[in-house]
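Step one of this worksheet: look at the structure below.
Below, each value reflects all heavy atoms present in this structure, side chains not excepted, and no hydrogens, waters or symmetry copies. Protein chains get the first letters and strands the later ones, always in sequence-line order, with residue 1 at the start of each.
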Protein chains: 2
Amino acid sequence: MFGFSDPRPDLIAALEKGGYRVTTPRRAIASLLEQKHEGFSVEALSDELPSVGRATVYRTIKLLHAAGVVCKLAMLNGSHKYSLCGVGHHHHHTVCVECGAVEEFRVDAVERLIRQISEDISGEIVSHRLELYVNCGACPANGD
Amino acid sequence: MFGFSDPRPDLIAALEKGGYRVTTPRRAIASLLEQKHEGFSVEALSDELPSVGRATVYRTIKLLHAAGVVCKLAMLNGSHKYSLCGVGHHHHHTVCVECGAVEEFRVDAVERLIRQISEDISGEIVSHRLELYVNCGACPANGD
DNA sequence: GTAAGTAGTGCGATTTAATATCATGTTTGG
DNA sequence: CCAAACATGATATTAAATCGCACTACTTAC
């Protein structure tokens with residue numbers, strides 16, 4: 001099995017490392033996030049944190065995203081979800097189209113493939129995105 | 001080289017095949033599209049067609065997308081672009097992060113890889129998305 | 001400890017992309 | 001030519017995200 005459940009990255013540490021202050025709102029966001037390994041939308045997050053302004057939630061998620069501890073996923077319908085993710089290793093995600101559950105996976109073959117393609121197209125690959133949309137078969141939408 | 005420039009798909013034919021009427025606004029959209037193999041936003045398209053209502057442009061692009069002759073690409077920044085694309089064969093895209101030029105490519109290895117991954121993760125893969133963000137090295141932004 | 005400076009916050013307005021509403025216009029089959 | 005079905009367009013609306021700005025709260029210097 002390629003999937004793996006990540007050790008929770010330390011969001012507070014990520015902020016400190018980036019030279020950002022660790023404030024009460026940021027703590028609140030971080031601790032809520034740590035209960036939400038699955039995909040979440042910033043909007044929903046904000047709704048669960050009425051004590052924190054929306055803009056601050058967006059700003060903080062952007063910081064965490066820049067710090068690499070939160071990933072931004074493109075859903076099929078064009079909306080986005082975010083997900084906590086392990087630092088330090090590149091990975092991709094599966095998203096259940098029924099229940100929205102997000103899982104990370106890493107397959108070295110993906111990286112090899114990208115490298116191989118990069119030799120065959122003109123220009124230099126600066127980034128890539130690979131997302132798998134699945135039906136996880138274990139979600140409420142499947143009759144549990 | 002994996003890339004290929006597609007024969008222009010016949011957008012009008014695609015509409016007819018889908019059982020939709022071929023109307024004046026749709027003709028206008030189709031003929032503008034056929035000059036725009038590169039990525040484009042619906043917004044920009046609409047601006048170039050003042051005689052056609054915004055809603056109609058969106059509706060028509062959605063039809064063409066459903067018909068498979070137009071692809072919707074997710075940009076790194078979260079916005080979208082559309083691109084004419086060949087019918088009948090699955091492919092992926094490179095997008096130049098500087099100039100926005102879109103190219104199609106197809107590598108069978110991608111499909112093999114997806115199939116291989118599908119055997120190793122729980123759940124069933126219903127769809128996937130692979131986009132390569134490149135610096136095409138031949139665009140105005142690179143000093144031409 | 002206080003003043004000054006910097007970083008962070010929150011409200012509300014704004015932007016942008018896209019969709020919904022719905023009265024009106026167009027096409028097509030007969 | 002008529003009626004039904006389909007398509008259109010102006011406008012309102014929604015949703016996600018960002019911006020502007022006054023205010024607050026740390027941090028540092030003195």
Table please: side-chain donor-acceptor pairs of residues 19-28 of chain A below 3.5 Å, with sequence neighbours left out.
residue	atom	partner	partner atom	Å
A:T23	OG1	A:R26	N	3.4
A:R26	NH1	A:R21	O	2.8

Open item on the list: Under the ring pair (Phe, Tyr, Trp, His ring centres under 6.0 Å) definition, can you give me all pairs with a residue in residues 48-69 of chain A, not counting sequence neighbours?
Closed with: none

What donor-acceptor contacts under 3.5 angstrom involve side-chain atoms of residues 77-86 of chain B, with partners at least two apart or in another chain?
residue	atom	partner	partner atom	Å
B:N77	OD1	B:S79	N	2.7
B:N77	OD1	B:S79	OG	2.7
B:S83	OG	B:H37	O	3.2

- [ ] In whole angstrom, give the distance that lies between atom NE2 of B:H65 and atom P of C:dT19.
- [x] 11 Å

Task: Atom pair distance, as rounded to whole Å: CG in A:L49 and P in C:dG10 - done: 10 Å

TODO: Kindly state each residue pair satisfying side chain to side chain donor-acceptor pair (under 3.5 Å) with at least one member in residues 67-76 of chain A, sequence neighbours excluded.
DONE: none

- [ ] Return the value, rounded to whole Å, for the distance between atom NZ of B:K81 and atom P of C:dA17.
- [x] 12 Å

Task: nucleotides 3-20 of chain D: protein proximity per nucleotide (B base, S sugar-phosphate only, - neither; heavy atom, under 4.0 Å) - done: --BBSBBB-----SBBB-

TODO: Could I get the full list of side chain to side chain contact (heavy atoms under 4.5 Å, CB included) partners for A:A109, not counting sequence neighbours?
DONE: A:V107, A:R112, B:L113

